[in-house]
There are 2 protein chains.
Amino acid sequence: MSPTSKPAQVHYAYQQIAGEIEAQILRGDLKPGDQLPGETELANMFGVTRSTLREGLRQLESDGLVHRPTPRRLEVTVPQAGQMATRSSRAMALMRVTFRELSQVTVMTEPLAARLAAAHGTDDEIEQLQVLHAALVAAEGDMARTIDLDEQFHTRIAEMGRNRVLGLAREPIALLLFRGFTQIVPFAPKFYNRQIEAHSNVLGALRDRDADRAEKWARMHIEDFWRGAQLAGLEDEIALNPRALS
Amino acid sequence: MSPTSKPAQVHYAYQQIAGEIEAQILRGDLKPGDQLPGETELANMFGVTRSTLREGLRQLESDGLVHRPTPRRLEVTVPQAGQMATRSSRAMALMRVTFRELSQVTVMTEPLAARLAAAHGTDDEIEQLQVLHAALVAAEGDMARTIDLDEQFHTRIAEMGRNRVLGLAREPIALLLFRGFTQIVPFAPKFYNRQIEAHSNVLGALRDRDADRAEKWARMHIEDFWRGAQLAGLEDEIALNPRALS
DNA sequence: AGTATCATACTGTCGGACAGTGGAACCAGT
DNA sequence: ACTGGTTCCACTGTCCGACAGTATGATACT
């Protein structure tokens, strides 16, 4: 019953191949960076045609367990965070999750990220964050760029926390939530400036290595975002039209 | 630069096919439940061979955007939470995340889940949770079963919160963390009983619809887990050997 | 009408083939 | 001997054609 142990009927050859290689990776027989044999050879090893083998490979590729730096080289790899985030965002968008759902989670993740960043971020990273913030301020008016930089700002903080689990968990969520910016700003003119201010305060707290203050301002930042959504009457609205993710 | 808008070089035919169908789904031209034409017809539509088309389909399948209820029927679907969780867990296991990383996040997610459950769970769900808890108590000694039920208990609470975003975010994490149970119990004999007790208290709070108390006990529950890991000296140990996920 | 049978169409897999190309071996020049 | 360029080969992406097994819908039967 456990979601991780379901040796369900995987009778199809291409699934068996994907499963077998996956098992070898998880078992450690194949380590990230290892190069796999050519398709013909692999096909022989598994006793199938190249066509069948390729279908299996496509699946592994899509799972992020192998990838091709160049068409000629097929190597084992650990799933990339960005790839996982995209998949997750897409899933949530298709589920038509609401601003409420996103906010409820983000109001926990971002403050945690800020707290961890205060503890583990390097001076250099804080400096870079300052630069990013300056760019964000300078981008006033350009909505697309603002959203992009805003997302980067938050992600950068999360990275500073040295917690990859948090990184994986929050990225797809933040990705969706911050896109909602566009829908909120028109309803709350002052909103934009308050966001900038909050960023400044988080930045300041990080510089002082004040975890509590960083956490507090991050929380206020998100709560403010949520209030903006409420003002705009978007609480239970779909956060993002899936088509925006194309 | 945005992770969602990368029309990178997708020159390969099978990638274009996957991309095109994916776009149609995100755009809403294809809705979950819709049935797709046969492979031959699709291949003609895209002007490629069936072999090539199939490679594209395998990718979509693996992404969870389409699936085959029966080999004959190929239909559009929204990615299943369980599938995403498995992928995520696997990625984290391969990244060799530590107990520390998992705990830091879980100590936020589970209390939030408990709080939301107190607010939105139905009486019926609380009853079912009681049954599950009873089974958990009865399973004393059977480690594998205990872990399985424990994970179910937490997941059930998360579902009661009616927040799909939280569900997606916490599932893969909880999946990994609770498996660590095995490594902790030997070091902390009393640990097991305290976990049961905590569950009881959360359950009681839910029954009283006391969100604060539910949240508090959930937090204590996780913090206790974390202390157990510390007692066992596992703070920075790999939470789960990837091979356990095969 | 409900059930059983049959025919058809479609999937999973196979085998072979070919153009384009990236890498490696090989050769030449200094 | 080492570097730089050329050639050749292996390998990928794609195509074509084929076949067994089977699920699905159509047909026939009770």
Side-chain angles (χ1 to χ4, degrees), chain A residues 6-25 30 32-77 79-80 83, chain B residues 6-25 30-77 80 83:
Chain A
K6 41 180 175 192
Q9 66 282 38
V10 275
H11 35 241
Y12 296 129
Y14 71 93
Q15 287 175 349
Q16 283 180 4
I17 289 169
E20 174 58 27
I21 297 183
E22 172 183 333
Q24 285 186 30
I25 294 176
L30 288 171
D34 285 1
Q35 181 171 2
L36 274 69
E39 295 183 351
T40 339
E41 190 173 339
L42 278 174
N44 289 336
M45 291 168 67
F46 287 105
V48 299
T49 323
R50 208 158 68 88
S51 324
T52 304
L53 175 98
R54 289 181 120 250
E55 294 189 29
L57 287 186
R58 289 289 98 79
Q59 195 162 321
L60 288 171
E61 229 171 277
S62 171
D63 284 358
L65 291 175
V66 306
H67 86 307
R68 299 188 188 269
T70 140
R72 284 304 177 76
R73 190 177 169 81
L74 177 66
E75 63 182 34
V76 177
T77 180
Q80 295 302 300
Q83 187 184 353
Chain B
K6 41 178 176 191
Q9 65 284 34
V10 276
H11 33 238
Y12 297 128
Y14 72 92
Q15 287 175 347
Q16 283 181 4
I17 289 169
E20 174 59 28
I21 296 184
E22 171 183 333
Q24 284 185 30
I25 294 176
L30 289 172
K31 278 174 282 293
D34 285 0
Q35 182 172 2
L36 273 68
E39 294 184 352
T40 340
E41 190 172 340
L42 278 174
N44 288 337
M45 291 169 66
F46 286 105
V48 299
T49 324
R50 208 158 67 90
S51 324
T52 304
L53 175 100
R54 288 180 120 252
E55 294 188 28
L57 287 186
R58 290 288 99 80
Q59 194 161 324
L60 288 170
E61 229 170 277
S62 169
D63 284 359
L65 291 176
V66 307
H67 85 306
R68 298 186 188 271
T70 139
R72 284 304 177 79
R73 189 178 169 82
L74 177 68
E75 63 181 34
V76 178
T77 179
Q80 295 302 303
Q83 187 184 353

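Given the structure is predicted, the values throughout are model-derived calculations rather than measurements. The chains referred to below are lettered A, B, ... by the order of the sequence lines, with proteins before strands, and numbering in each begins at 1.
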**Prompt:** Starting at the 5' end of DNA chain C, which residue's closest nucleotide do you reach first, A/Pro71 or B/Glu41?
**Reply:** B/Glu41

**Item:** Leading and trailing nucleotides of DNA chain D with any atom under 4.0 Å from heavy atoms of chain A
**Value:** D/dA10 to D/dT14

**Prompt:** Within this structure, what is the CG-to-P distance between A/Asn44 and C/dG16, rounded to whole angstrom?
**Reply:** 11 Å

**Item:** Donor + acceptor pair across side chains of A/Glu20, A/Gln24 (<3.5 Å)
**Value:** yes

**Message:** Can you give me the bend angle of the helix from C/dA1-D/dT30 to C/dT30-D/dA1? Use the axis through the first five pairs and the one through the last five, nearest 10 degrees.
**Reply:** 10°

**Prompt:** Are the charged groups of B/Glu55 and B/Arg58 less than 4.0 angstrom apart, N to O?
**Reply:** no

**Message:** Base, sugar-phosphate or nothing for B/Arg68? Non-hydrogen atoms, less than 4.0 Å.
**Reply:** sugar-phosphate

**Message:** For a quick check of understanding: with a heavy-atom distance under 4.0 Å over all strands, which category does A/Thr49 fall into, base, sugar-phosphate or nothing?
**Reply:** base

**Asked** Just how far, in rounded Å, is P of C/dC10 from CG of B/Leu42?
**Response** 11 Å

**Message:** Has B/Gln83 got a side-chain atom pairing as donor or acceptor with B/Ser62's backbone, closer than 3.5 angstrom?
**Reply:** yes

**Message:** Rounding to an integer number of Å, can you tell me how far A/Glu75 CD sits from C/dG23 P?
**Reply:** 12 Å

**Rounded distance in Å - CG (A/Leu74) to C1' (C/dG22)** = 15 Å

**Request:** Kindly give the heavy-atom pair with the smallest separation between A/Arg73 and A/Gly33, and that separation in Å.
**Result:** NH2-O, 3.8 Å

**Request:** Measure the distance from CZ on B/Arg54 to P on C/dT11 and round it to the nearest whole Å.
**Result:** 8 Å

**Asked** Does B/His67 reach the side chain of B/Glu75, with side-chain heavy atoms less than 4.5 Å apart?
**Response** yes

**Request:** Just call it for B/Ser51: base, sugar-phosphate, or nothing, with non-hydrogen atoms closer than 4.0 Å on any strand.
**Result:** base

**Request:** Spell out, as yes or no, whether a donor-acceptor pair under 3.5 Å connects the side chain of A/Thr70 to the backbone of A/Arg72.
**Result:** yes

**Asked** Is the closest side-chain heavy-atom distance between A/Ile17 and A/Val48 below 4.5 Å?
**Response** yes

**Item:** B/Arg68 side chain near B/Leu57 side chain, heavy-atom distance below 4.5 Å
**Value:** yes

**Length of the CD-C1' vector between A/Gln15 and C/dT11, whole Å** = 13 Å

**Item:** Spacing of A/Arg50 atom CZ relative to C/dA17 atom P, expressed in whole Å
**Value:** 13 Å

**Atom pair distance, as rounded to whole Å: CD in B/Glu39 and P in C/dT11** = 4 Å

**Item:** Minimum heavy-atom distance B/Thr52-B/Tyr14, with the two atoms named
**Value:** O-CB, 3.7 Å

